Structures are given as C-alpha cells and as structure tokens.
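Take a look at the structure below.
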Amino acid sequence: MNFSKEIIQWYFQNKRDLPWRKTKDPYRIWLSEIMLQQTRVAQGLPYYEKFTEAFPTVYDLANAEESQVLKLWQGLGYYSRARNLHYTAKDIVENYNGQFPSTYKALLKLKGVGDYTASAIASICFDEVAPVVDGNVYRVLSRYFDIDTPINSTEGIKKFKELAFEVVDHDDPANFNQAIMEFGAVQCKPQNPYCIICPLHESCEGLKNQRVDMLPVKLKKTKVKKRWFNYLVVVSNASETLLEKRKGKGIWQGLYQFPLLETETSIETIADYQSEIEEIIKIKDFSVTKFNEKEMIHKLSHQHLYTTFWIVETTDSLKNGISLQEIRTYPVPILIGNFIEEFNF
DNA sequence: AACTCGGGGGA
DNA sequence: TCCCCAGAGTT
C-alpha cells in the first residue's frame, strides 16, 4: 500500500469523534477551520459548540454585532480571526447569496481564508483535489521523506506544497487531508512520536536515518519585546467604572480594557503620574492604590506584558461610566477577564 | 522576507 | 523555559 492509502486507512481506524466531522456544510467547516488555525482541537472545541449554537447559519453570524462575536471568541486569541470571520459572514450574505464559493481559487478571495483554509474547505466540502499544508503536514512529510528544508522559508513552503500535491489521494482528497493532519496530531506528534507502532515505519526515511527528532527544521523566531501596562481601574461611588475600546493595529484590536497608562519601565511611585492619570480618566479628585504588589507577567508570542492594576477610587461622577453589572458583557483580553474575576468589584 | 497577532499545554 | 498548535495579513 502506498503512503496516502496507508494514511487514510490509519485515519479510518483511529480518527477522533469531532463535531465538524459530522457535516459537510461549508459554513460549519469554514467556522471550524478558522477556529483551529494555530489552535489545538481541545482548545477550539468548546468555542465551536458555542458558535454553532449562537449562530446556526451564516445569516445568524452576519446579523450579529461584532462585539458579540468577539465576546464569544474571548480567550481563543488571534482576534483578527473573529473580526475577519464576521466580515466574511456579511460578505457571503451580501455578495454570495448566502452560499460559500465551491472552489479553492474562489475561496481564497475571502478575508481570513488563506491557502490552508481554502484547500480544507474545497476538499472537505466539495471533494476538490486541493492538498492542505498545516503544521501537522509539514511534520509528517518532512519526517517521512527526510527533508530538512526549513518549513517557514520561502523555499520550504513551496517545496512542501508541491510534495503535498504529489501525495494527495485523488480518489478521496477530503479524507486524505483530514487523515494526514490527524496522523500528525495523534501519531506523528512533535515530541515522542509513536514510531515503533507506526504503520509507515518501514518506509519512513526520517526514521531510517534516525532524524525524526530533528524534523521538521524551522527558522528561529524573533525575540519578545517587553512592555509595561498600568491599568487604571476606576471605582466610583455610583458603582461605575471605565472601559475603553482598543483601536489601531496592535494586540487585542476591538476588545475592551480599563484605561491604560503604558510606561517605558516599571513605575516607582504612582504620584509621579498624577497629571497623566487625570488626563486619561478625566477626573481630578481620586486616590490610587496598587492592586497587585508584584507585576503580573502576561506572556504573548512576541510580547511580555508587565502589568499592574491600580485601583482608582473617586467620589466624582464618571462620564461614559459603565455599571459594574454589565462589565462582564464586554469582550476583554484574558488578562483583563482574569482580573475582573479576581477583583469581583 | 520578516513581522505581527493569543492563549494554552506538554516536556 | 521553549516549542507547538487544522495560519493569515501586513509591511
């Protein structure tokens, strides 16, 4: 049996029971693929359940408010996925008569749908011979064929895509694509793969050459930047606080947070920033106390956020204040969400 | 071609 | 700690 037939057979015997494997509805396949980008199945699964319940069809998603979509997405990360998801739902309703396009080429035009996702939808929903290349596929192919071209180099991306075209099963691209990904996730996993019991271990070049644990090769990533976030948690007599919406290009675009005073380094004494705080929260009469004695270090892929929450008590009334009752209805970064749970106002 | 965008989990 | 996860968009 050849590589692709062997992979498919393994899949039929070992595949996990997952909700998006019970449908070919392009809307639901699209939803699952967007959610699972750079995200483990275990982490994405509850979000898929929440979304399909809240938005059974693309029309329901298109009719939602963006903040509602972001709220349901809260905690899953890479929030541009949620914004693009909502944008594309409206696009599908307005410009595609509610029907997803049915080819790789046409799917690529959708915002948030790249090479991988277009191939996944085209193959799974429409049986197009469009090979997927995700992190799992890079790993399986680099090991089986013992290829050390860096998977995140221009040459590597091209080479592995071509290789995927050579091995994809033309009779059943839908199951082959899901099979090779599942195989990479469950059997040919990053650490301690099950080579001894692997159905492909006799023909695996990487195993033969004892290079499995060195593959795939990946170019080094850039190092992380440090930032210092001081959140101003206003608490007024009227049981209100302030939230602001993050705008611009950086992290957490569209999510809400307490008014932020970002500094170049740790704050020694908060009194040094009296005028800055006045300017940010538009209040003159307040007293500030530190909530967390040690800075919390919130770690993102490219940034470490040294965070302090400052409790700002005031008797003044707030402009654009938010009642503490409704604070949990706003989409917030997990860093803010954790604080809200702990502080409990 | 390099950077940016989250959060969680495993070793 | 470091790496990885059903990647895509921007610079």
Side-chain angles (χ1 to χ4, degrees), chain A residues 11 15-16 18 20-21 29-48 70 73-85 87-88 107-121 123-124 130-140 150-158 160-161 164 174 176-186 188-193 213-225 227 246 248-255 297-305 331-338:
Chain A
Y11 179 61
K15 70 173 182 176
R16 291 168 289 183
L18 298 170
W20 47 85
R21 290 186 175 153
I29 298 301
W30 165 70
L31 183 59
S32 72
E33 295 300 345
I34 301 297
M35 281 184 169
L36 293 173
Q37 288 169 6
Q38 295 293 287
T39 305
R40 291 170 194 282
V41 166
Q43 188 184 3
L45 188 51
Y47 288 85
Y48 179 82
L70 285 170
W73 199 272
Q74 181 177 313
L76 197 53
Y78 283 162
Y79 297 93
S80 65
R81 292 183 295 170
R83 296 192 302 271
N84 289 339
L85 186 83
Y87 176 95
T88 293
L107 285 160
L108 257 188
K109 298 189 193 307
L110 302 175
K111 186 171 282 189
V113 175
D115 186 274
Y116 163 79
T117 304
S119 301
I121 299 172
S123 62
I124 294 172
V132 295
V133 183
D134 75 332
N136 295 304
V137 177
Y138 280 123
R139 185 167 53 255
V140 172
I151 60 172
N152 55 344
S153 65
T154 303
E155 183 191 355
I157 292 168
K158 182 165 175 283
F160 283 101
K161 182 72 178 180
F176 173 79
N177 277 341
Q178 296 180 82
I180 191 170
M181 290 191 285
E182 185 82 341
F183 183 77
V186 175
C188 194
K189 55 198 179 80
Q191 306 294 330
N192 307 314
D213 60 346
M214 306 166 55
L215 296 168
V217 173
K218 195 171 185 180
L219 267 30
K220 289 299 177 202
K221 61 171 167 55
T222 57
K223 66 174 193 181
V224 300
K225 183 199 296 185
R227 299 175 74 179
R246 285 188 68 94
K249 305 231 159 191
I251 55 172
W252 301 329
Q253 187 186 339
L255 277 63
I297 307 177
H298 187 71
K299 295 180 176 177
L300 307 178
S301 305
H302 294 76
Q303 303 179 30
H304 287 180
L305 307 179
V332 297
I334 209 68
L335 171 65
I336 301 293
N338 288 343

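The chains referred to below are lettered A, B, ... by the order of the sequence lines, with proteins before strands, and numbering in each begins at 1. The structure displayed is predicted, hence computed values, not measured ones.
Taking for each of His302(A) and Glu155(A) the nucleotide of DNA chain B with the nearest heavy atom, the 5'-most of the two is the partner of Glu155(A). DNA chain B is contacted by both Leu219(A) and Gln253(A); Leu219(A) maps to the nucleotide lying nearer its 5′ end (nearest heavy atom per residue). When each of Val113(A) and Ser301(A) is assigned the nucleotide of DNA chain C with its nearest heavy atom, Ser301(A) is the one assigned upstream, toward the 5' end.
Residue Arg81(A) places no side-chain N or O under 4.0 Å from the OP1 or OP2 atom of dG9(C). A sub-4.0 Å separation between OP1 or OP2 of dC5(B) and a side-chain N or O of Gln303(A) is present. At the phosphate of dC5(C), neither OP1 nor OP2 sits under 4.0 Å from any side-chain N or O atom of Tyr78(A). Between Gln38(A) and dG7(C) there is a side-chain N or O to OP1 or OP2 distance below 4.0 Å. Regarding contacts with the backbone of dG7(B), a side-chain N or O of His298(A) is found under 4.0 angstrom from either OP1 or OP2. An OP1 or OP2 oxygen of dA2(B) is reached within less than 4.0 angstrom by no side-chain nitrogen or oxygen of Lys220(A). Taking 4.0 angstrom as the limit, Thr117(A) places a side-chain polar atom (N or O) nearer than this to OP1 or OP2 of dA8(C).
The separation between Leu255(A) atom CG and dG7(B) atom P is 8 Å, rounded to whole Å. Taking atom CD of residue Gln43(A) and atom P of nucleotide dG10(B), one finds them 11 Å apart after rounding to whole Å. Separating the CZ atom of Phe160(A) from the C1' atom of dG7(C) is a distance of 16 Å, rounded to the nearest angstrom. In this structure, CE of Met35(A) is placed 16 Å from P of dG8(B), rounded to the nearest angstrom. In this structure, Leu300(A) atom CG and dC3(B) atom C1' are separated by 15 Å, rounded to whole Å. Spacing between atom CG of Asn136(A) and atom C1' of dC3(C) amounts to 14 Å, rounded to whole angstrom units. For Lys223(A) and dT1(C), the NZ to P distance is 15 Å, given to the nearest whole Å. Residue Gln191(A) contributes atom CD, which lies 10 Å from atom P of dC5(C) at whole-angstrom precision.
For Arg227(A) (side chain) and Gln303(A) (main-chain N/O), no donor-acceptor pair under 3.5 Å exists by modelled atom type.
Put simply, the side chain of Thr117(A) does not reach to within 4.5 Å of the side chain of Leu107(A), judged on heavy atoms. At a threshold of 4.5 Å between non-hydrogen side-chain atoms, the residues Trp20(A) and Val41(A) count as touching.
One cannot find a donor-acceptor pair under 3.5 Å joining the base of dG9(C) and the side-chain atoms of Ser80(A). Between the side chain of Thr39(A) and the base of dG6(B) there is at least one donor-acceptor pair of N/O atoms closer than 3.5 Å.
For the pair Arg16(A) and Arg21(A), the tightest heavy-atom approach, listed with the atom from each and the gap, is O-NH1, 3.0 Å.
Nucleic acid contact for Trp73(A): none, since no nucleic acid atom lies under 4.0 Å from a heavy atom of the residue. Leu76(A) comes within contact range of at least one nucleobase, with a heavy-atom separation under 4.0 Å. When heavy atoms are screened at a 4.0 angstrom cut-off, Gly184(A) is found touching no nucleic acid atom at all. When heavy atoms are screened at a 4.0 angstrom cut-off, Arg139(A) is found touching the sugar-phosphate backbone but no base atom. At a threshold of 4.0 angstrom between heavy atoms, the contacts of Asp115(A) are confined to the sugar-phosphate backbone, with no base atom among them. Residue contacts for Val137(A): at a heavy-atom cut-off of 4.0 Å it reaches no nucleic acid atom on any strand shown.
Among dG6(B), dT1(C), dA6(C), the nucleotide with an atom closest to any side-chain atom of Trp252(A) is dG6(B). Of the candidates dT11(C), dC4(C), dG6(B), the closest approach to any side-chain atom of Lys249(A) belongs to dT11(C). Of the candidate nucleotides dG7(C), dT10(C), dG8(B), dG8(B) has the atom lying nearest to any side-chain atom of Ile334(A). Closest to the side chain of Gln37(A), from the set dA8(C), dT1(C), dA6(C), is dA8(C). Relative to the side chain of Lys218(A), the nucleotides dG9(C), dG7(C), dC4(C) differ in distance, and dC4(C) lies closest. For Leu36(A), the side-chain atoms get nearest to dA6(C) when compared with the rest of dC5(B), dA6(C), dG8(B).
For the atom pair Gln37(A) CD and Leu76(A) CG, the distance stands at 10.5 Å (nearest 0.5 Å). Once rounded to the nearest 0.5 Å, the distance linking CZ of Arg83(A) with NZ of Lys111(A) reads 10.0 Å.
Nucleotides dT1(C) and dC5(B), compared at atom P, are 22 Å apart to the nearest Å. Comparing the P positions of dT11(C) and dG6(B) gives an interatomic distance of 15 Å, to the nearest angstrom. On the P atoms, dA6(C) is 13 Å away from dG10(B), given to the nearest whole Å.
More than 12 non-hydrogen atoms from other residues, nucleotides or ligands lie less than 6.0 angstrom from NZ of Lys189(A). Taking a 6.0 Å sphere around OH of Tyr48(A), one finds it holds more than 12 heavy atoms contributed by other residues, nucleotides or ligands.
In this structure, dG6(B) forms no base pair with any nucleotide, since neither Watson-Crick nor G-U wobble geometry is met with both distances under 3.5 Å.
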